[in-house]
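What follows is a single structure, written as structure tokens, with notes after it.
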Amino acid sequence: LKEKQQQAAKGTELIEREINDFYSKEKKLNIELTGVEEALLSIRTKVAELDSRLRTLRETDQSRAVTHVLSIGDKGVYGTVEQLCSYSDEYALAAQAALGARASYIVIDAAKTASKVIEELKKSKSGKAAFIPLDKIRASQRNSEDERFAKTKGCLGFLIDFIEFEKSYSKAFEYIFGSTLVFASLKDAEALVGKARLVTLDGQLAEASGVMLGGSAVQRVNAARERKVLDDLKDKEKALQVSKDSIFSELYNVRDQVT
């Protein structure tokens, strides 16, 4: 009898230990679940903010004509210059000053596509848009004088080297930025005004003709970079949702075993 009692006690102790293990595991999983849910909420808030910002950007920065062209859905229409490039905050004001009105030029595959889209704009009376057909656009090439200017004290290099874009759009961006130089300040660039196209980190622009455009500048949102951040956040959101589902599955398992 005593032996049976000892065996029963050992069995009870084992069951209690297993139950305690299950509860410990459940507690740990609940803590993990709370962390994942908080991270998910934070990411979803950021996604909503970025989505809203990009919608506002489309509504305010695009003319009716550009908006209409992009809504057509033609495969030969790639997007506006601004949409197809990205740059760091350090070079944002310089890039945006150098882009100017060309930021809303539409990059397309061929002149034939431009003709077709222009006819559509005329029919719909949606206004005018500017196009960069990749099969026709001619970009100026750097020469030895440009390279010499780039070695001027205070010059950080050619602006295009600080802009990110897909290689297939190279001709468009070579046309847009050409041999534009970027300087730390306008004072550093004074000697080259009227000799080369240049821009400063705070957004002051001097054309090769000598015309200068400057004053206070406010950094615009860069759509391409914002979209990349948004895509990254959505990937993280998916991964966290998978983790959450996995934790729920484990919790149900543990609770089933306890009951």
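Along the sequence shown, the residues carry numbers beginning at 1.
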Rounded distance [0.5 Å steps], [atom1] in [X] versus [atom2] in [Y]:
X	Y	atom1	atom2	result
Phe158	Leu181	CZ	CG	5.5 Å
Gln83	Ile106	CD	CD1	8.5 Å
Tyr175	Arg102	OH	CZ	4.0 Å
Lys244	Ser246	NZ	OG	13.0 Å
Tyr78	Ser168	OH	OG	7.0 Å
Leu198	Leu156	CG	CG	11.5 Å

Apply the test side-chain contact (heavy atoms from CB on, under 4.5 Å) to residues Leu93 and Leu201: give CA-CA distance (whole Å), side-chain angles for both, the deciding distance (0.1 Å), then the verdict. CA-CA 6 Å; Leu93 291 176; Leu201 289 179; over 6 Å; no
Considering residues at least two apart in sequence or located in another chain, which fulfil the side-chain contact (heavy atoms from CB on, under 4.5 Å) criterion with Ser124? His68, Glu120, Ser126
If you take all heavy atoms of [X] and [Y], which pair is closest and at what distance?
X	Y	answer
Leu159	Ala95	CD2-CA, 4.1 Å
Lys136	Ala111	CG-CB, 3.8 Å
Phe131	Ala129	CE1-O, 3.4 Å
Ser185	Thr200	C-CG2, 3.5 Å
Ala110	Pro133	C-CB, 3.6 Å
Leu240	Ala39	CD1-CB, 3.8 Å

Sequence neighbours excluded - salt bridge (Lys or Arg N to Asp or Glu O under 4.0 Å) pairs with any residue from residues 165-175: none
If you look only at pairs with a residue in residues 180-202, which of them pass as a salt bridge (Lys or Arg N to Asp or Glu O under 4.0 Å), with sequence neighbours excluded?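 Of all non-adjacent pairs touching residues 180-202, those that pass salt bridge (Lys or Arg N to Asp or Glu O under 4.0 Å) are Arg197-Glu207.
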Determine, using the 4.5 Å side-chain heavy-atom cutoff (strictly less than), whether Leu121 and Ile72 are members of one ILVMFWY cluster. yes
Under 4.5 Å between side-chain heavy atoms, counting indirect links through other Ile/Leu/Val/Met/Phe/Trp/Tyr residues: same cluster for Tyr169 and Phe162 or not? yes
Taking the side chain as every heavy atom from C-beta outward, state whether [X] and [Y] have any atom pair closer than 4.5 Å.
X	Y	result
Val117	Val77	yes
Asp109	Leu134	no
Phe183	Thr152	yes
Leu99	Phe177	yes

Only one of Val81, Ile160, Ile176, Leu84 passes side chain to side chain contact (heavy atoms under 4.5 Å, CB included) with Phe165; say which it is.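 Answer to the side chain to side chain contact (heavy atoms under 4.5 Å, CB included) test with Phe165 among Val81, Ile160, Ile176, Leu84: Ile160.
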Identify every side-chain donor-acceptor pair in residues 232-239 under 3.5 Å, counting partners at least two apart or on other chains, and give the distances.
| residue | atom | partner | partner atom | Å |
| --- | --- | --- | --- | --- |
| Glu237 | OE2 | Arg44 | NE | 2.9 |

Run Ile137 and Val107 through side-chain contact (heavy atoms from CB on, under 4.5 Å) and show every step you take. CA-CA 10 Å; Ile137 198 70; Val107 180; over 6 Å; no
One pair to check against side-chain contact (heavy atoms from CB on, under 4.5 Å): Lys122 and Ile118. What are the steps and the verdict? CA-CA 6 Å; Lys122 286 162 68 178; Ile118 287 169; 4.1 Å; yes
Salt bridge (Lys or Arg N to Asp or Glu O under 4.0 Å) partners of Asp74, counting only residues at least two apart: Lys116
For residues 138-149, which residue pairs pass the side-chain hydrogen bond (donor to acceptor under 3.5 Å, both in side chains) check, not counting sequence neighbours? Arg142-Asp161
